[in-house]
Amino acid sequence: MRKLSIVMLLVIAIFLFASCTQIKVEYEELSEGFSEGIEYSLESTGVCEYDLKTRSSGVVGKMKVWNDANYLYVEFTALAPWTLTEAYFDWAESTAKLPRTNRVIDINLFDYKFFGNAQSTLFTVPRAGMPSKITFAEAATFIKPKPTKISWLKWYLRDRQGVCIYKYSF
């Protein structure tokens, strides 16, 4: 009887431990870090939409750019089932003037950053001092749930889009 009591107590302890354990979050990286990527030579005006692509996952989001007399607006949107967790944006008069460390574009020096867990984010950039033609760079990180059979383990796929450079005219 005593052994049965100990076994029951052990089973209850394991059950309580498993049910009270905090949810663990794990990520499977699909791409390593941010790298300087594609420079788009197309020049755009007005409202423009671009696909946000990663090498391993293809199109995972959209970026919409437009302006009015006072601001440049940049909206990042994740496509389901993806979620936006990081977004970076900056502009300059030319590609050479974008923020760099050791000649490589450095997103950590960008003026506009988003960190969170959202379907979209909007950057409102003042146009004061902007020339009529600019170069801008962006990068983003996305996650999506990965199915798991363990209820307390949340597993996500994380994919990063490299730095992309665009030209835009007002």
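Residues V59 and W82 do not share a hydrophobic cluster, clusters being chains of Ile/Leu/Val/Met/Phe/Trp/Tyr side chains in contact below 4.5 Å. F136 and Y112 fall within the same hydrophobic cluster, where Ile, Leu, Val, Met, Phe, Trp and Tyr residues are linked whenever their side-chain heavy atoms come under 4.5 Å apart, directly or through other members.
Of all heavy-atom pairs spanning R100 and T95, the tightest one is NH2-O, 3.0 Å.
Without hydrogens or angle criteria, R127 side chain to D68 main chain gives a donor-acceptor distance under 3.5 Å. At distances below 3.5 Å, at least one donor-acceptor pair connects side-chain atoms of D106 with backbone N or O atoms of N108. Judged purely by atom type and a 3.5 angstrom limit, D51 has no side-chain atom pairing as donor or acceptor with the backbone of K53. A donor-acceptor pair under 3.5 Å links the side-chain atoms of Q119 to the main chain of A78, judged by distance alone. Distance alone, capped at 3.5 Å, places no donor-acceptor pair between the D159 side chain and the F142 backbone.
Note that OG1 of T124 is 11.5 Å distant from CG of N70, once rounded to the nearest 0.5 Å. The distance from the OG1 atom of T121 to the NZ atom of K113 is 14.0 Å, given to the nearest 0.5 Å. The CD atom of E49 lies 8.0 Å from the OG1 atom of T77; values are rounded to the nearest 0.5 Å. Here the NZ-CD1 distance, from K97 to I134, works out to 13.5 Å after rounding to the nearest 0.5 Å. Atom CH2 of residue W66 and atom SG of residue C48 lie 11.5 Å apart, to the nearest 0.5 angstrom. T83 OG1 to I143 CD1: the interatomic distance, rounded to the nearest 0.5 Å, is 5.5 Å.
In this structure, the side chains of V47 and V65 stay at 4.5 Å or more apart for every pair of heavy atoms. Residues W155 and P145 form no side-chain contact, since every pair of their non-hydrogen atoms from C-beta on lies 4.5 Å or further apart. Two residues are said to be in side-chain contact when any heavy atoms from C-beta on lie closer than 4.5 Å; L72 and M130 meet this criterion. The shortest distance between side-chain heavy atoms of L79 and V60 does not fall below 4.5 Å.
Aromatic pair Y88/F115: centroids less than 6.0 angstrom apart.
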Yes or no on side-chain contact (heavy atoms from CB on, under 4.5 Å) for T135 and Y166, after CA distance, side-chain angles and deciding distance? CA-CA 6 Å; T135 299; Y166 308 81; over 6 Å; no
Show your working on side chain to side chain donor-acceptor pair (under 3.5 Å) between T85 and N117 and close with a plain yes or no. CA-CA 5 Å; T85 58; N117 196 0; over 6 Å; no
Criterion side-chain contact (heavy atoms from CB on, under 4.5 Å) on T141 and R158, from CA distance to verdict: CA-CA 7 Å; T141 300; R158 178 167 37 199; 3.6 Å; yes
Decide side chain to side chain donor-acceptor pair (under 3.5 Å) for E138 and Y50; before the verdict, give the C-alpha distance in whole Å, the side-chain angles of both, and the deciding distance to 0.1 Å. CA-CA 11 Å; E138 57 83 15; Y50 305 96; over 6 Å; no
Worked verdict on L98 versus F110 for side-chain contact (heavy atoms from CB on, under 4.5 Å): CA-CA 8 Å; L98 288 167; F110 282 16; 5.5 Å; no
Apply the test side-chain contact (heavy atoms from CB on, under 4.5 Å) to residues V74 and M63: give CA-CA distance (whole Å), side-chain angles for both, the deciding distance (0.1 Å), then the verdict. CA-CA 7 Å; V74 182; M63 179 179 62; 3.9 Å; yes
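Applying ring pair (Phe, Tyr, Trp, His ring centres under 6.0 Å) to F123 and the options F76, F114, Y73 leaves one that passes, F76.
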